[in-house]
Amino acid sequence: MKKKRIATTSLAGCFGCHMSLLDIDERIFDLLELVEFDRSPLNDLKKFTRRCDIGLIEGGCCNEENVHVLREFRQNCDILVAVGQCAMMGGLPVMRNAIMHSDDPLRECLDEAFCTPKVLNPENQIPNDPALPLLLDKVYTCVDVVKIDYQIPGCPPSGETIWRALNALVKNEAPALEYDLIKYD
Amino acid sequence: MSDNKKITLTIDGKTIQAESGQSIMNACDAQGIYIPRLCDSTGLVPQGSCRVCSVKVNGRVVAACTQPAEDGANIEHESDEIQGYRKDLVRMLFHEGNHLCPICEASGRCELQAMAYRFGISQATTYPYLQPVRPVDASHPDIALDNNRCILCGRCIRASRDVDGKNVFEYVGRGIHKRIGVNGDCLADTNADLNDYAMSLEVCPVGCIIRKGEGFFSPVGERQYDSDKIGSNIENHTAHSSLGKLIKVHQIDPNDAIHDDIDQSNVNEDKS
Ligand code: SF4
Ligand code: SF4
Ligand code: FES
């Protein structure tokens, strides 16, 4: 069987889902019999080298670079999979969308992070270097931006969950998870 | 209450015995058939609002928790159509509030989450996430309310009113703006107490009513629904004897108006 080509990325996530992928332990050798990795933080490839069969997305979109990368993944992958709660429904970053009593949640979030005496930042500067990707008004889930084919729930999904889902995907099957593998936390 | 006349029902083709005056849900519970539910809780008067317990009786979709079992009724329970309705209702609840399970204190013992697990919900829906902005009320020294997770089941209202005799909670607003209000400007203004039944872990099915200082009391892997499917206690008959006793409180008198004006006197009586 021809090896499937997989690309992965972490958008507004914590890299926990990627760590969980590595949590399949020695089965990583079995995985490498079935797939080869294209663009991924695991091999530090920053660009697609060719079209991929499967794209794994960790995290939603909190800045314009996330949107750009997500669209690139959609263009270059046959099957796009949202891995983990952040990719699926925003996860922890999405908390900034609904800050209580705030008309301007993004401003409030930045003020809290950079302009309170809790951090050493004497000039109360909010990072605004032109090299930094522009923050979006709110955090968007992957489905808000592109078509997503499958989801793997969890925060992060366990190594076992990712292993089972990937095994189904390389066989061109939909990942059907059993009761004890479906977790939202 | 009822004259306990024996009646016969058919549920998904299986014939079961019930007592007249029992709700369909109670009749099924007694036979180890679990009908999913969220707004219903043992010991509280059924309210019939979440519709997760929907079943089809003689071709009509009804709420099993409030619908009296009738002799000869033909009940459709786990058909694709009915399971589809139930799943959609549960999915919509996740989109309607802010359900961030990874940081939720109720995760692992939450009935909404457990119901989604039971239904095997893992793929995306076409519904938008509404991401409402709802206040958290942490004014009370022992209890906090995080309305972002409230599913408006009304169990707290009934527990406070019928069991505690207090009326700490009530619905306010209509339609999409409907929410749970407290009897005062904030919870600290009310006579709410940590020892109220309404504040116990049995009542709020989600992580809205929070007992301060008690969060995350069981480690991941040992929480209520980590390995046990919600409803498995009914399906396995384990909690059966205690259930039988509490069901009395629960029973519907067919002479009562079911939806609006449930006679509360018998509830309080049975509790004492
Ligand atoms: S209340 Fe339940 S469904 Fe909502 S966030 Fe908490 S655990 Fe998840
Ligand atoms: S606070 Fe809890 S018990 Fe009360 S209506 Fe909301 S979800 Fe139900
Ligand atoms: S349990 Fe019957 S309507 Fe909610």
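- Looking at B:Pro132, the atoms closer than 4.5 Å to chain A (heavy atoms on both sides) all sit in the backbone: N, CA, C or O.
- Neither the backbone nor the side chain of B:Val220 comes within less than 4.5 Å of any heavy atom of chain A.
- B:His95 does not touch chain A: none of its heavy atoms, backbone or side chain, sits under 4.5 Å away.
- Interface remark: B:Asn147 contributes no atoms to any contact with chain A (heavy atom separation under 4.5 Å).
- By the neighbour-count criterion of 12 heavy atoms within 6.0 Å, atom CG of A:Asp25 is densely surrounded, having more than that number from other residues, nucleotides or ligands.
- For A:Ile148, no part lies under 4.5 angstrom from a heavy atom of chain B.
- Heavy-atom minimum distance, B:Arg118 versus A:Tyr179: N-CE1, 3.9 Å.
- Although no hydrogens or angles enter the test, the distance criterion places a donor-acceptor pair under 3.5 Å between the side chain of B:Tyr117 and the main chain of A:Tyr184.
- Interface remark: of the candidates B:Gly108, B:Pro102, B:Gly120, B:Pro102 forms the most heavy-atom pairs closer than 4.5 Å to chain A.
- Residue A:Arg71 qualifies as open at atom CZ: its count of foreign heavy atoms under 6.0 Å is 12 or below.
- No more than 12 heavy atoms of other residues, nucleotides or ligands lie within 6.0 Å of CG in B:Asp80, so this atom counts as exposed by the packing criterion.
- Using a 4.5 Å cut-off between heavy atoms, B:Ser227 contacts chain A through its backbone alone, with no side-chain atom that close.
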Verify side chain to side chain contact (heavy atoms under 4.5 Å, CB included) between A:Ile182 and B:Ile121, making sure each step is shown before the conclusion.
CA-CA 8 Å; A:Ile182 300 179; B:Ile121 295 173; over 6 Å; no
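- Of all the listed residues (A:Lys138, A:Met88, A:Met89, A:Gln85), the one sharing the greatest number of non-hydrogen pairs under 4.5 Å with chain B is A:Met89.
- Taking the charged nitrogens against the carboxylate oxygens, B:Arg223 and A:Asp185 do have a contact shorter than 4.0 Å, which makes a salt bridge.
- Of the inter-residue distances, the one linking A:Leu177 atom CG with B:Ser122 atom OG reads 5.0 Å to the nearest 0.5 angstrom.
- The CD1 atom of B:Ile103 sits 6.5 Å away from the CG atom of A:Leu92 when rounded to the nearest 0.5 Å.
- Around the CE atom of A:Met19, the shell of radius 6.0 Å holds no more than 12 heavy atoms that belong to other residues, nucleotides or ligands.
- Within a 6.0 Å sphere centred on CZ of A:Arg107, heavy atoms belonging to other residues, nucleotides or ligands number 12 at most.
- Looking at A:Ile99, only its backbone comes within 4.5 Å of chain B, counting heavy atoms on both sides.
- Considering NZ of A:Lys183 and OG of B:Ser107, their distance stands at 8.5 Å, rounded to 0.5 Å.
- At distances below 3.5 Å, at least one donor-acceptor pair connects side-chain atoms of B:Gln123 with backbone N or O atoms of A:Gln151.
- Contact record, B:Asn98 with A:Ala98: ND2-CB, 4.1 Å, taken as the closest heavy-atom pair.
- Proximity to chain A involves both the backbone and the side chain of B:Asp226, based on heavy atoms less than 4.5 angstrom apart.
- In this structure, OH on B:Tyr129 lies 12.5 Å from CG on A:Asn97, to the nearest 0.5 angstrom.
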